[in-house]
Each structure stands twice: as structure tokens, then as C-alpha cells.
Amino acid sequence: MNKPLAGIRVIDLTHMLSGPYCAMILADLGAETIKVEPIQGEGTRKLLATDPKNSLEGMGAYYITLNRNKQSVCIDLKSDAGKQVFYELVKKSDVVVNNFGAGVPKRLGIDYETLKDINPKIITCSVTGFGNDGPKFKRPAFDQVAQATGGGMSITGTDKNNPVRAGIPIGDLGGGMFAVMGIQSALIERATSGKGQDVDISMLDCQVSMLNYMATMHFLSGDNPYPIGNSHFVHVPYNTYQTSDGFIVIAVITDNFWKNLNEVVKCPEFDDPKYDGQPGRWADKDYIDAKLNDILSKNTSAHWIAQLEEKRIPCAPVNNLSDALNDEQVLHRKMVVELKHPNGKSTKGPGNPIKFSRTNEESFSAAPVLGQDTHTVLSELLEMSEERIAQLINDGTIRGTVHV
């Protein structure tokens, strides 16, 4: 396999979105990813599974996207026998990732302190709402809770009386992405120390990190920023503008862009020297936006984009999903890929955004049916006998098929 994480084995104990997204990225990058599910299956399997518009052969959009390139092994981790099977997997793995609630891994006996005695090189990663310590770390959390607590919702939207969450679930996805960074960092460190460690990812921490310079501005000024829609608190014009058939964005972040913009829109009022610098444009921000909306509404988005791009002015159409997923640049970058069902049918979904010059293989195996790989993993990886596998199935410890 010509992928950068080939040779790394990950045990994926995750559910819903933040954890599965982390494990999906690791799997896309080549890690052998074994999804360990409860006997009844991980909860995401049921999401949209019976929705005829958003499912494929009984697999909902969530599951078929997040679980590509993974194997499914069903183990009852609440039973002693199931836990023993899991521990045998840990002995032969590099990473265990979960997004259980804080304290659950320890209660199940699958926390780092337990697993490091089984495999001193094991790296564990927990993605939780608030981390594994602190005064309120046991609170339940999903995407919107992280977005709200982290402050981002207070600066998203059009006014301070109507806070809005991001349309993309950045609370969950941010946690998953930072988890990948943490796991890869621990793998690199292990190459030197020979030891594993625990990676503690808080979705709240990730949201605060992504406040970035805005948090620093708050500490410097003491001000709490408020939502300003799609405009900017420094640059003018920098906003969404209506055309005759849709919307475009324009981002004038230097004075040279302003000069080039006026060559396109040909507005006499914009020739006033006071607009040559940012302070003058900022003072008349609402007037400039209104004039641009009036001018741009008289022609199509494609007309304006062509002229703006010719002048090298940062701009873009506001795409809906159909537009975005059919964009020639997106397609060229292989960001739309085939997602398969185990029965051979397929749909399309987003590709892997991490591109490599050398280890550049991109392949996406079908999201597995429940317990599809239990027998293969136990018999081949763990070298377990058919008799023991059959007994574990009969006892309800695992779910799979008996091979005679």
C-alpha cells in the first residue's frame, strides 16, 4: 500500500461524528483501522439508514462516509471474555481511539493506564467535550454544545441577538482533526522513546484554539466582538453581494485591490480620493456595500467573477453543494470519490484533502456491514482457533460467522 500510515494498526471504538471522523482520516491515510463495535452495532449505523433519499442499501450517509476503509469487528466489551479478546487486539495494535464520555474508558477497563500494561507502546486517544480533567469535564457534549461554549456562536450570524452555529459541524470535526494531529505526533515521539502515551482531546479546547487572533484581540482590547454577517472588522469591501442570479463574495484586503475593483464596477463615487485608503473606506462601509450591491445586481455572477478574476481580485461565487461538488477544481483534486457498499453498489462522497507527492495512493474500500471482519481478524491477526471463535459467538461475546 502506497499510503503514509501503512503499517500502523488502529482500533476504532468511536461513534457518532468526532471520533469516527478522526478514525476515517487515519484510515484514508493508510492505517489498518479495525472498528470495534458493540454486538448490536455502533449507533451511527442507524442514522438515516431507513431514509430512502439519504441511504444506500440500508447504510445511511453518516455511516457510509465515516466508515470507509475500515473493518468491522463486533465484541461485547462489557463481558470479561469480550474484554480479553479486545486486550489481545491491543497487544498487536498501535493506537486505540474513542470518543466515549469522560470516565467511561476507565469504567470499561479500556483506558490508557490499563492498556499500557498490556502494550507499553500503545497510544490511546480520547475525544470528549471538555477533556479528562477540570471542574466541569463530565458534562455531556455534542457539536453545538462545543460551538456555543467555545464562543464561536457569539460571533456568527448577523446580529448579537441571534447567535448562529456554523453550518458545518466544526465542533465535532475540529475535535476529530486535532485528534489526528495528536495521534500522529505521539507516533512520531514513540519512534524516539519507544513508549506510548494518552492523547487527551477536548472539543472545547479545539474551539478556543480556533478563536486564534480573535481571542488575543479580546485580551488586548477588553471588547467582546459581535456578529457582523459576512463582512469584516477591518477590510472594506469584504462581504457577500447579490448578483442577478445569485451571490458572490469580494475580499478587498489591500488598497491595490480597491483600485482594481473600481476598474471593474466603474462607479464614479468610488473615485473619491478618501477611499484610496482603508480608513476612508471603513468610515463609509455601509455606503460602499450598498453601492456594490446595486451595481452587481445588474448582471450575473459568472459575468462579475470573470471580470474580477481578470483583475486578480479575491472573489468567488457562493456555491450551493451541487455547485461546489461539481466545481472543476474540486473534481481535478479528486475531492469527489466513489463510496461503495459491500454489495457492489455505490454513491459519491468527499475525498481525502491531504495530498502527497510520493505516498499518493487514494483508495476507498466499502464501509463494512456489521461484524463483517470479526472472523478474519480473530483467526488471522489473533491466530484464534475455529473452536474458540465458535464458542465466543455462541456465548454472545462476539458477532460474526463460523467457518467450518
Legend entry - Residue pair Asp198 / Thr124, side-chain donor-acceptor N/O under 3.5 Å: yes
Inset, instruction - Using a strict 4.0 Å threshold on nitrogen-to-oxygen distance, state whether Lys355 and Glu362 make a salt bridge. - result: yes
Inset, instruction - For residues Phe86 and Val90, determine if any side-chain heavy atom of one lies less than 4.5 Å from a side-chain heavy atom of the other. - result: yes
Inset, instruction - Nearest 0.5 Å please: distance from the CG atom of Leu261 over to the CD1 atom of Ile313. - result: 5.0 Å
Legend entry - Minimum heavy-atom distance between Ile389 and His375, given as atom pair plus value: CD1-CD2, 3.8 Å
Legend entry - Listed once per pair and sorted, the salt bridge (charged side-chain N to carboxylate O under 4.0 Å, His left out) pairs that draw on residues 102-130, sequence neighbours left out: Glu113-Lys116
Legend entry - Distance-only donor-acceptor check, side chains Lys3 and Ser363, under 3.5 Å: yes
Inset, instruction - Find the distance between CG (Asn352) and CZ (Arg333) and round it off to the nearest 0.5 Å. - result: 10.5 Å
Got a list of side-chain donor-acceptor pairs under 3.5 Å for residues 155-182, not counting sequence neighbours?
from   : atom 1 : to     : atom 2 : distance (Å)
Thr156 : OG1    : Gly152 : O      : 2.8
Asp159 : OD1    : Asn161 : N      : 2.9
Asp159 : OD1    : Asn162 : N      : 3.3
Asp159 : OD1    : Asn162 : ND2    : 3.0
Asp159 : OD2    : Asn162 : ND2    : 3.1
Arg165 : NE     : Gln144 : OE1    : 3.3

Inset, instruction - Find the distance between CG (Leu48) and CG (Leu56) and round it off to the nearest 0.5 Å. - result: 12.5 Å
Legend entry - Heavy-atom side-chain contact between Met16 and Leu66 under 4.5 Å: no
Legend entry - Inter-residue atom distance Asn360.CG - Phe356.CZ, 0.5 Å rounding: 9.5 Å
Legend entry - Sequence neighbours excluded - side chain to side chain donor-acceptor pair (under 3.5 Å) pairs with any residue from residues 80-90: Glu88-Arg388
Inset, instruction - With sequence neighbours excluded, give me every side chain to side chain donor-acceptor pair (under 3.5 Å) pair touching residues 217-230. - result: Asn230-Thr240
Inset, instruction - Check whether any side-chain heavy atom of Glu338 lies under 4.5 Å from a side-chain heavy atom of Ser346, and answer yes or no. - result: yes
Legend entry - Inter-residue atom distance Leu115.CG - Leu89.CG, 0.5 Å rounding: 11.0 Å
Inset, instruction - Classify the side-chain pair Ser365/Lys340 by whether it contains a donor and acceptor separated by less than 3.5 Å. - result: no
Inset, instruction - Heavy atoms only: give me the nearest Asn262-Cys267 pair and the separation to one decimal. - result: OD1-N, 3.1 Å
Legend entry - Cys125 side chain near Asn98 side chain, heavy-atom distance below 4.5 Å: no
Legend entry - Exercise: identify the closest heavy-atom pair between Ala186 and Val199: CB-CG2, 4.1 Å
Legend entry - Contacts of Asp94 that satisfy salt bridge (charged side-chain N to carboxylate O under 4.0 Å, His left out) - sequence neighbours left out: Arg190
Legend entry - Listed once per pair and sorted, the ring-ring contact (aromatic ring centres under 6.0 Å, His included) pairs that draw on residues 251-284, sequence neighbours left out: Trp258-Phe270
Inset, instruction - Would you please test Leu187 and Ile183 for side chain to side chain contact (heavy atoms under 4.5 Å, CB included) and show each step? - result: CA-CA 6 Å; Leu187 286 168; Ile183 289 167; 4.1 Å; yes
Legend entry - Asp12 and Thr14 side chains, donor-acceptor separation under 3.5 Å: yes
Legend entry - Any side-chain heavy-atom pair of Lys348 and Val337 under 4.5 Å: no
Legend entry - Considering all heavy atoms, the nearest Leu370-Cys74 contact: CD1-SG, 3.2 Å
Legend entry - Set of ring pair (Phe, Tyr, Trp, His ring centres under 6.0 Å) partners for His303, sequence neighbours left out: none
Inset, instruction - Please step through side chain to side chain contact (heavy atoms under 4.5 Å, CB included) for the pair Met217 and Phe233, ending with a clear verdict. - result: CA-CA 12 Å; Met217 290 173 63; Phe233 56 88; 3.4 Å; yes
Inset, instruction - Considering non-hydrogen atoms only, spot the tightest contact between Ala146 and Gln207 and give its length. - result: O-CG, 3.6 Å
Inset, instruction - Mark yes or no for whether Ser79, through its side chain, and Gly82, through its backbone, hold a donor-acceptor pair below 3.5 Å. - result: yes
Inset, instruction - State whether the side chain of Arg9 and the backbone N or O of Lys92 hold a donor-acceptor pair below 3.5 Å, judged by distance alone. - result: yes
Legend entry - Whether Gln372 side chain and Val369 backbone form a donor-acceptor pair below 3.5 Å: yes
Legend entry - With sequence neighbours excluded, residues passing salt bridge (charged side-chain N to carboxylate O under 4.0 Å, His left out) with Asp28: Arg68
Inset, instruction - Output the distance between atom CG (Leu292) and atom OH (Tyr287), rounded to the nearest 0.5 Å. - result: 10.0 Å
Legend entry - Donor-acceptor side-chain pairing of Asn256 and Lys259 below 3.5 angstrom: no
Inset, instruction - Please list, chain by chain and in numerical order, all residues satisfying salt bridge (charged side-chain N to carboxylate O under 4.0 Å, His left out) with Asp245, sequence neighbours excluded. - result: none
Inset, instruction - Could you tell me whether the side chain of Asn239 reaches within less than 4.5 Å of the side chain of Val249, counting heavy atoms only? - result: no
Legend entry - Closest non-hydrogen atom pair between Phe130 and Ala141, with its separation: CE1-CB, 3.7 Å
Inset, instruction - State, with a plain yes or no, whether a side-chain heavy atom of Leu29 is found less than 4.5 Å away from one of Gln184. - result: yes
Legend entry - Leu220, CG: over 12 other non-hydrogen atoms inside 6.0 angstrom: yes
Inset, instruction - Answer yes if the side chains of Glu189 and Ser193 hold a donor-acceptor pair under 3.5 Å, and no otherwise. - result: yes
Inset, instruction - For the pair Leu381 and Ile34, evaluate side chain to side chain contact (heavy atoms under 4.5 Å, CB included) and give the outcome as yes or no after the intermediate values. - result: CA-CA 11 Å; Leu381 177 62; Ile34 301 171; 4.0 Å; yes
Inset, instruction - Could you list all the salt bridge (charged side-chain N to carboxylate O under 4.0 Å, His left out) pairs where at least one residue sits in residues 129-142, not counting sequence neighbours? - result: none
Inset, instruction - Give a yes or no answer on whether the side chain of Thr33 reaches the backbone of Ala31 with a donor-acceptor pair at less than 3.5 Å. - result: yes
Inset, instruction - Keeping to residues at least two apart or across chains, list the salt bridge (charged side-chain N to carboxylate O under 4.0 Å, His left out) pairs with something in residues 38-63. - result: Lys35-Glu42, Glu37-Arg45, Glu57-Lys345
Legend entry - side-chain hydrogen bond (donor to acceptor under 3.5 Å, both in side chains) evaluation trace for Lys298 with Ser244: CA-CA 6 Å; Lys298 292 178 171 56; Ser244 64; over 6 Å; no
Inset, instruction - Give every residue pair that meets the salt bridge (charged side-chain N to carboxylate O under 4.0 Å, His left out) criterion with at least one member in residues 302-320, sequence neighbours excluded. - result: Glu263-Lys311
Inset, instruction - Using a 4.5 Å cut-off on heavy atoms from C-beta on, say whether the side chain of Asp294 contacts that of Tyr241. - result: no
Legend entry - Modelled atom types, side-chain donor and acceptor of Asp76 and Thr397, under 3.5 Å: no
Legend entry - Salt bridge present between Arg281 and Asp255 (N-O < 4.0 angstrom): yes
